[in-house]
Structure formats: C-alpha cells, structure tokens
Amino acid sequence: MKIKRYIGKDTQEALLKVKMDLGNNAIILNTKKVRQKGFKKYFTKPMIEIMAAIDDDNSKSRDRQLTKIEQIQQDSTNSKNILHQKEEMVTGLENKVNNIENLLDKILNIVGTENKGNETGSEENGSQLPQVFQLLYNNLLKNEVDEDIAKRIIEEAAKKSSSRNIHDATIVMQSTIAAMLGKAEPIHLREDGKPTVILFVGPTGVGKTTTLAKLAASFILSSNKKVGMITADTYRIAAVEQLKTYAEILGIPISVAYSVPEITNEIENYGDKDVILVDTAGCSYRDKQKFDELKNLVSVSNADNIFLVLSSTVSSKNCKDIIKNYDFIPNYRLIFTKLDETPVYGSILNTKCYANKSLSYITNGQNVPDDIEIANIDRLSKNLLGSLS
C-alpha cells in the first residue's frame, strides 16, 4: 500500500490534491488541522492535513493509464505529422501533374494538327507549314540554306514523315539533306603507272595553296607517294614563296610555270611521280584576261582531277555567280575551306545543289596536314539542320 500526506488551506483543496495524485480509488486514513511552523504563522488560520492511501495495484494501473494516455497523445501527434506529410506529397503530385499537363499542351501546340491537304508542306508561305516542319524549316534558313532548297527538303520530308513526330521528321530531314549532298568522292589515283595530275582552281583568297600543301603532306606521310608540285600562280609572289616553303619542309620538288605552254613541260618533267599537284592563280571572272588564261591552262593540263576550291563563308549569291562562270570545266569536284570561320554551312549545300558536282574535302584550319578531311556527309547534314531547341 502507498500512503501519502497532503496539505491544503481547506479540506476541498487537500482532497483535490489527493485525487490528482492518487486518483478516485484513494482511501482517506486521517484528517486533521495543523498549524504552520513559525511564531508569526501561529496566529494564521490552520491548514488541513489529509493522510491518504492507495493499493500498489491501483497505483500501477493509474501509471499505466497515464502512460497509455501519453502514448495516445504521441500517436495522435505522429498521425498528424504523417497526415501532413501525405498532404504535402499529394500537393507535390498535383503540381507535377499540372506541369505535365502544361508540357503536353505546349507539345500539342508545337506539333499541332493539320488537314491532310496541307501534309505535303508545299505551301509557298512558310507560315502555312505544320509547326514541326516550320521549326525545321526555320533552322535551315538560320543556317543560310537557300529558301527554295529548304522548301524542297521540307516537301520531301513531309512525304515520308508525320508532322506530329519531331524525332521522325528530324531523321527523315537529315536523310533528305544527306541525299542532296551525295557521297563524298576523294582523289582516286591512276593505276596504269602514270602520274595522277590534280588541278586546283577557284577565286582569290579561298585557300587553294594551303589546301594543296595539306594534300601533298597527306600523300607523302600517309600513302608514301612520290609527289611533285607546280605553281602557275605567278601573280602573287607570296603564293610562290609559300608553296616553296611547304615543298622544302616536305622534301618534294616544286617548279613554277610562267606561261600556259610551260604547264605541259613541267608535267612531263614529273613523269616519275605518283601525284602531280598544280596550283593556279585565283582570279575573278570579271578579269577576262586572267580568266581566259585559266581556261587555257585547264585545257592543256589534261588533269585527271580538277577541284574547285571555295570558302564556306561565301554567300549564296556569290556561289551562283562562281558556279556559273566555272561551268566551262566539264567535270570537277568541290572542296570547301575555312569551316572554322563560320558557324553556318548553308553555302555547302547551296553550292552542291547549284553545281550538281560531288563534294570531296573540307578544311577547318591552317594546320598542315591535319586540318583537312574527306567531307563527312552525316555530320554536315546534322549541322545544317541545327539544334531543335
């Protein structure tokens, strides 16, 4: 049994303390008045003292009840926390769902829907195109692809892909561009024991001399071929000196042809070589005298390979003029230089379509012989189409 003493200013207060401490099952053993100690307190009203007791079992039961109450309170608190967490999760999920719905709305706006009569995307006004093709069409224009050529690409892609699928449309367009660019055709050497004569022509400043040096180094270092060089570019002293410097470094012979008839003699002098590379003077088609000399040189050289060298920075209008004025060459291939100087490659596709001649090499820097490679059609197609962001 557990016995305790409780004091209050009156009986009610003392009993309240008993109930609060021992509960309703407490037994009152004794009640009496008591005075507090001290002289001054002797004259105050006496306090009430109650002796109360309770069985140990009842005490333990009460403790268990209190513990249970505390547990219930704790569980209630935990439940509230869990409920709060669930509410936060639900809110988060609702936000994600809303974001997904917004994203789907945007995609649907981009993809759009179009009548079957418009699926070919052949409208003259670009704004009439399905939005997927409009996006791809705009990317072509940003890369400075000629508008007519860009429309042809869109028309072909629209026949083979859906305006609802950006991925499929992009793949089809890249394939269409690659088909327009065609397969790259590098230099093929003769197999009859005679030297392969390779002639380089093109406007001033496009990089013919450096390109020739890169190919010469490639033949020597990679293919172990015997190379001879001839320059007919006697209008620029710096061009002759530049090529002589390359020849000295590579350890190959070089000769200078000061007139058209000398070209034939110099080619014959290199009869023991595998490859003969001939550099010509860059000239404008507006300079009739120089251009007539170039025509004669092309005619007498009887070259096995002729390359028209162009800068990738050239404009579409200049491309058309150049192609038109070099059409006296029956068969030539294209080399594009200075890809490191422009972020757009539209001129390559434009020129290929205008000239209907094969691509061969591209250069992207001044390093000899590293910065030259056979044109990578797949990479060019992707770069021409550009990013869809």
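Residue numbers run from 1 in the order of the sequence given.
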ask   = Same cluster or not: are Val344 and Ile377 linked, directly or through other Ile, Leu, Val, Met, Phe, Trp or Tyr residues, by side-chain heavy atoms under 4.5 angstrom apart?
value = no
The single option from Ile230, Thr231, Val309, Leu294 that satisfies side-chain contact (heavy atoms from CB on, under 4.5 Å) with Thr280 is Leu294
message: Looking at Asp146 and Asn350, would you say the former's side chain and the latter's main chain have a donor-acceptor pair under 3.5 Å?
response: no
Any salt bridge between Asp148 and Arg152, counting N to O under 4.0 Å? no
The salt bridge (Lys or Arg N to Asp or Glu O under 4.0 Å) partners of Lys17 (sequence neighbours excluded) come to Glu13
Are Ile335 and Leu310 close enough that some pair of their side-chain heavy atoms sits under 4.5 Å apart? no
Here the gap from Ser218 atom OG to Ile187 atom CD1, rounded to the nearest 0.5 Å, amounts to 8.5 Å
Donor on one side chain, acceptor on other, Glu156 and Thr176, under 3.5 Å:
no
Going by chain and number, the hydrophobic cluster around Met47 (ILVMFWY, side chain to side chain under 4.5 Å) further includes Ile7, Val34
Residue set satisfying side chain to side chain donor-acceptor pair (under 3.5 Å) with Ser311, at least two apart, ordered chain then number -> Thr313
Quiz prompt | Heavy-atom check, side chain of Ile198 versus side chain of Val278, under 4.5 Å | solution = no
message = Would you say Val172 ends up clustered with Leu380 if hydrophobic residues are merged whenever their side chains have heavy atoms under 4.5 Å apart, either directly or through other cluster members?
response = no
Report task. Check whether NZ of the Lys or CZ of the Arg Lys208 lies under 6.0 Å from the centre of the six-membered ring of Phe200 and within 45 degrees of that ring's axis. Result -> no
>> Between Arg5 and Glu49, does any NZ, NE, NH1 or NH2 come within less than 4.0 Å of an OD or OE carboxylate oxygen?
In response: yes
Any side-chain donor paired with an acceptor under 3.5 Å for Thr209 and Asp279?
yes
From the list Val314, Thr211, Ile372, side-chain contact (heavy atoms from CB on, under 4.5 Å) partner of Thr337 resolves to Thr211
key: Residues Asp272 and Lys226 bridged, charged N to O under 4.0 Å   = no
Using the rule given for side-chain contact (heavy atoms from CB on, under 4.5 Å), can you reason through Tyr332 versus Ser358, listing the C-alpha separation, both sets of side-chain angles and the distance that settles it, and then say yes or no? CA-CA 8 Å; Tyr332 63 85; Ser358 298; over 6 Å; no
Worksheet item: Cluster question for you: counting only ILVMFWY and a side-chain heavy-atom cut-off of under 4.5 Å, with indirect links fine, are Ile220 and Ile249 together?
Response: no
Pair Asp21, Tyr6: side-chain N/O donor-acceptor within cut-off below 3.5 Å: yes
| said: Between Ser301 and Leu297 (side chain of the first, backbone of the second, donor and acceptor by atom type, cut-off under 3.5 Å), is there such a pair? | reply: yes
